[in-house]
Amino acid sequence: MRPTPTGTRRTPRLRAALLALLIAGAGTSLSGAPAQAAPRMDTSQFKGVNWADPRDNFADDPVVLSGLSLSDSYAQTYTKSSRVISAFRANLGANTVRLPINPYTVNGTYWKSYRAVIDAASAKGFKVILSYWEGTGPRKDGFIDDQATYWPMWNTVVKAYKSDRNVYFEPMNEPHGYTDTEWADLAAKWLDTYASVPRGRVFVSGAGYNDHVTTVCADPRLKGTYLSLHHYGFWKEYATYDQWVADLKVRIGDCANRTVADEFGAHMTTGFDYNKPAPDNNFVNYMQAVTDTFRELKMGSVYWPGLRTGDTYSLQTLTGDPSRPWLATTNQSGADRLAWAWGRGKAVRP
């Protein structure tokens, strides 16, 4: 989750140096044969949740998802992950999970164990969206932290999973340090570098905090990719249901047929009832508006977070033996709104 987008933000990093690195530092290309023709876009197939590190995925070391341990072996991670993924399906009807990666996770020794999360999800038929997260502290600025480790990270990930049709690639989460044009240039560079990856398995983040997809949608170099949008109720102190619908739709423009909301969420552990109208409650207005809109536009959506320890937005919580975890739903009305967005369930009624 991120602060309210307030337009393009600048950081102390020198853009000239950055752009020079973008031109020169792509690392080893895995382009190979031309990419397959992109399939027809069907974003409604993505019915998912984020599984997150308790630190919000921003880390200067390996990301360790809630319920897992850095010391877990591949087998231990696979067992735990299989159960968490099964619980996402049983409790919520999910078929997609979005996971963080960073160079510390992929380029180091933890990658062998972390792959078990991806493998377990794919083995259960889940779609897996792998997204790069930047670091924390001064590195949490909306830029790629280090070009010299970023491209080798993706070389490893693409090599490992380009043949797995369940795995999707998101070059960067919330690239708010870049202008819209700079971000589109970088996304196009990623596509050129990994041209063997079908474009229908790539999620190009919306510009800024993933908060609008209109500019990346209009760029012909990014044709055939999915677009990822983030949208949150805390971006406004208060808005009506209709204002939230309008706010969401202007960020999507005419690009709903390519867009997946791969982060959206609201408080789930504070007792809000999202199944009843509550016009004075900003988060109830928001949650009802966005799930209605996703359903109306036949858009896929990936809730933030399905599981994150210590997050009031978390729709699931860990239960049982930590070595064989299961999940419990923290707010059934929130799960109901998610089901509605995904084409099931019942509409909100007074």
Side-chain angles (χ1 to χ4, degrees), residues 1-2 43-58 63-68 77 80-101 114 116-118 120-131 133 166-168 170 173 203 210 228-233 260-270 272 274 283 286-287 290-291 294 299-320 322 325-345:
M1 295 184 295
R2 308 297 285 186
T43 75
S44 67
Q45 66 182 298
F46 298 98
K47 302 171 174 64
V49 294
N50 284 265
W51 185 4
D53 184 302
R55 297 167 294 178
D56 204 20
N57 297 341
F58 298 95
V63 287
V64 182
L65 305 181
S66 299
L68 302 184
T77 303
K80 292 180 179 182
S81 299
S82 292
R83 293 182 62 81
V84 169
I85 294 298
S86 293
F88 285 150
R89 174 178 282 143
N91 294 352
L92 302 173
N95 69 4
T96 301
V97 64
R98 182 170 178 254
L99 304 173
I101 58 170
Y114 194 74
V117 184
I118 307 167
S122 179
K124 289 188 173 294
F126 261 55
K127 304 174 196 305
V128 182
I129 303 168
L130 301 177
S131 182
W133 250 262
N166 287 332
V167 177
Y168 297 76
E170 189 174 39
N173 172 73
F203 280 68
N210 278 62
S228 70
L229 179 77
H230 294 180
H231 196 256
Y232 281 110
V260 176
D262 71 6
E263 280 192 30
F264 74 102
H267 297 287
M268 291 295 161
T269 63
T270 57
F272 290 162
Y274 294 104
F283 286 99
Y286 158 83
M287 193 67 177
V290 297
T291 52
F294 297 153
M299 279 177 52
S301 57
V302 183
Y303 180 82
W304 176 277
L307 179 62
R308 178 188 170 212
T309 302
D311 190 339
T312 64
Y313 282 38
S314 189
L315 193 49
Q316 300 283 280
T317 188
L318 290 159
T319 63
W326 194 250
L327 303 178
T329 299
T330 59
N331 187 317
Q332 187 56 50
S333 70
D336 291 344
R337 291 306 94 218
L338 202 55
W340 178 252
W342 294 344
R344 307 192 318 269

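Note: hydrogens, waters and symmetry copies are ignored here, and every other heavy atom, side chains too, is used.
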Listed partners of Thr329 passing side-chain hydrogen bond (donor to acceptor under 3.5 Å, both in side chains), at least two apart: Gln316
Parallel, tilted or perpendicular: ring planes of Phe272 versus Phe283, cut at 30 and 60 degrees: parallel
Distance, nearest 0.5 Å, that separates CZ of Phe58 from CG of Asp53: 11.0 Å
Phe126: ring-ring contact (aromatic ring centres under 6.0 Å, His included) partners, not counting sequence neighbours: none
Minimum-distance pair of heavy atoms, taken over all atoms of Trp326 and Ala90: CZ2-CB, 4.0 Å
Sequence-distant partners of Thr330, side chain to side chain contact (heavy atoms under 4.5 Å, CB included), two or more places apart: Met268, Thr269, Leu315, Thr317
Results of salt bridge (Lys or Arg N to Asp or Glu O under 4.0 Å) for Arg83 - residues two or more places apart only: none
Shortest non-hydrogen contact between Arg344 and Gly93, atoms and distance: NH1-O, 4.0 Å
Atom of Val97, atom of Leu99 and distance for their closest heavy-atom approach: CG2-CD2, 3.8 Å
Test side-chain hydrogen bond (donor to acceptor under 3.5 Å, both in side chains) applied to Thr270 - qualifying residues, sequence neighbours left out: none
Interatomic distance, Lys127 atom NZ to Gln45 atom CD [nearest 0.5 angstrom]: 4.0 Å
With sequence neighbours excluded, residues passing side chain to side chain contact (heavy atoms under 4.5 Å, CB included) with Ser333: Asp273, Tyr274, Asn275, Asn331
By side chain to side chain contact (heavy atoms under 4.5 Å, CB included) - contacts of Ser66 (at least two apart): Trp51, Pro54, Leu307, Arg308, Thr309
Tyr114 and Val63: CA distance, side-chain angles, deciding distance, side-chain contact (heavy atoms from CB on, under 4.5 Å) verdict: CA-CA 9 Å; Tyr114 194 74; Val63 287; 4.1 Å; yes
Audit row: His230, Asp262, side-chain contact (heavy atoms from CB on, under 4.5 Å) steps and yes/no: CA-CA 6 Å; His230 294 180; Asp262 71 6; 2.7 Å; yes
Minimum side-chain heavy-atom gap Asp56-Pro305 below 4.5 Å: no
Pairwise distance CD1(Ile129) to CD1(Ile118) - rounded to 0.5 angstrom: 12.5 Å
ring-ring contact (aromatic ring centres under 6.0 Å, His included) partners for Tyr168, two or more places apart: Phe46, Phe203
Set of residues satisfying side-chain hydrogen bond (donor to acceptor under 3.5 Å, both in side chains) with respect to Asn50, sequence neighbours excluded: Arg98
Test log, rule side-chain contact (heavy atoms from CB on, under 4.5 Å), inputs Asn173 and Asn57: CA-CA 10 Å; Asn173 172 73; Asn57 297 341; over 6 Å; no
Donor-acceptor side-chain pairing of Asn210 and Ser228 below 3.5 angstrom: yes
Partners passing side chain to side chain contact (heavy atoms under 4.5 Å, CB included) against Asn166 (at least two apart in sequence or in another chain): Ser122, Asp164
Gap separating the NE2 atom of His267 from the CG atom of Asp311, nearest 0.5 angstrom: 9.0 Å
Leu327/Phe88 under side-chain contact (heavy atoms from CB on, under 4.5 Å): CA gap, chis, key distance, verdict: CA-CA 8 Å; Leu327 303 178; Phe88 285 150; 3.5 Å; yes
For the student: nearest non-hydrogen atoms of Ala52 and Trp304, plus distance: CB-CH2, 3.6 Å
By ring-ring contact (aromatic ring centres under 6.0 Å, His included) - contacts of Tyr303 (at least two apart): Phe264
Heavy-atom closest pair, residues Ala116 and Ser81: O-CB, 4.4 Å
Minimum-distance pair of heavy atoms, taken over all atoms of Ser301 and Val260: N-CG1, 4.1 Å
Residues forming a salt bridge (Lys or Arg N to Asp or Glu O under 4.0 Å) with Lys47, sequence neighbours excluded: none
